[in-house]
Amino acid sequence: MMDNRPIGIFDSGVGGLTVYRAIKRRLPCEKMIYLGDTARIPYGTRSPSTVKRYAYQDAAFLVKQGVKLLVVACNTISSVALRLLQSSYDVPIVGVIEPGAKAAVRSTRNGRVGVIATEATVESRAYELAIKNLDAEVEVFSQACPLFVPLAEEGWLEHDATALIARHYLEPLIDAGVDTLVLGCTHYPLLRRTIQKIMGEEVMLLDSGECVAAEIGQVLKKTAEGEAAIEDDVFYVTDSGNRFRRIANLFLDNPIGRLIAVDIWEEKVQFDEGGLGLLQEAFRKG
Ligand code: DGL
């Protein structure tokens, strides 16, 4: 039996669209609902308890829309709140850490893996623990790169300033001799070319979004081979959608259509950015 319910995917902002893109490329027939908590980004500099509170609300919004699977695109949320979410909601919930860690262990030849991520993800040691759990012999070198998120949001993907900052962050990992580097933050795949140039062509860069997409592809294989979803995907944001749309269109394969601003604290849709008459209650409390 085909399950036509959508896949829910969420992130602190626009960066999770790198994960959305990876899933869409693998599973073009799946309908998806995306939530970007653009009013509260960044999560990566916040405390675990704040990230958990925000993540709980984000997930509640999507779960109430009847998704069949929830993808936590955000590495920071996956690092500190995945277990809380999995124990709070009945729907299957997948994060990006485990698939990224598996790919890193498969990829490394010299047993030296680099992880670049937000401060919160690095402090949680989530990638390190997941990698060590799979292979205790692998050495993990982690580096927080907090300036990468605003650079990506600004669209400075191959700017001289980005290269300068990237060199500063990445030099310790080059010195450590890593042969595999996990892009452990939703935004970093956007800076991939700059990062690859600095790390050298021989270093394998792993996009955790692509890794999770491959895993979802296996789980939903049958659905993916079914009919194309009739309705378009829907994108929700918690702040004005103009910036989101502009950045999204920089890197998505197709321009985004339905973009709706929501207040997930009041738990109802406030206004419609897409001009498509979608002014409606998304769900009711309780
Ligand atoms: N989505 C976050 C992550 O993948 C990056 C942006 C943020 O700090 O909220 O860790």
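Every number for a ligand or one of its atoms is a count from 1 in the order of the listing.
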(Q) How close do G13 and Y34 get, counting heavy atoms only, and between which atoms? (A) O-OH, 2.6 Å
Q) What distance separates S88 OG from R83 CZ, expressed to the nearest 0.5 Å? A) 12.5 Å
Q: Determine whether K31 and I7 make a side-chain contact, defined as any pair of heavy atoms from C-beta on separated by less than 4.5 Å.
A: no
(Q) Please list all pairs meeting side chain to side chain donor-acceptor pair (under 3.5 Å) that have one or both residues in residues 186-197, counting only residues at least two apart or in different chains. (A) E153-H187, E158-R193
Q. Taking 4.0 angstrom as the limit, do K102 and D135 come out as a salt bridge?
A. no
Q) Less than 6.0 Å separating the ring centroids of F148 and Y169? A) yes
One pair per line, please: each N/O atom of ligand 1 matched with every protein N/O atom under 3.5 Å away, atom names first, then the distance to 0.1 Å.
residue: ligand 1; atom: 1 (N); partner: D11; partner atom: OD1; Å: 2.7
residue: ligand 1; atom: 1 (N); partner: S12; partner atom: OG; Å: 3.1
residue: ligand 1; atom: 1 (N); partner: T186; partner atom: OG1; Å: 2.9
residue: ligand 1; atom: 4 (O); partner: N75; partner atom: N; Å: 3.0
residue: ligand 1; atom: 4 (O); partner: N75; partner atom: ND2; Å: 3.4
residue: ligand 1; atom: 4 (O); partner: T186; partner atom: N; Å: 3.0
residue: ligand 1; atom: 4 (O); partner: T186; partner atom: OG1; Å: 3.2
residue: ligand 1; atom: 8 (O); partner: Y43; partner atom: N; Å: 3.4
residue: ligand 1; atom: 8 (O); partner: G44; partner atom: N; Å: 2.8
residue: ligand 1; atom: 9 (O); partner: S12; partner atom: OG; Å: 2.6
residue: ligand 1; atom: 9 (O); partner: Y43; partner atom: N; Å: 2.7
residue: ligand 1; atom: 10 (O); partner: T76; partner atom: N; Å: 3.1
residue: ligand 1; atom: 10 (O); partner: T76; partner atom: OG1; Å: 2.6

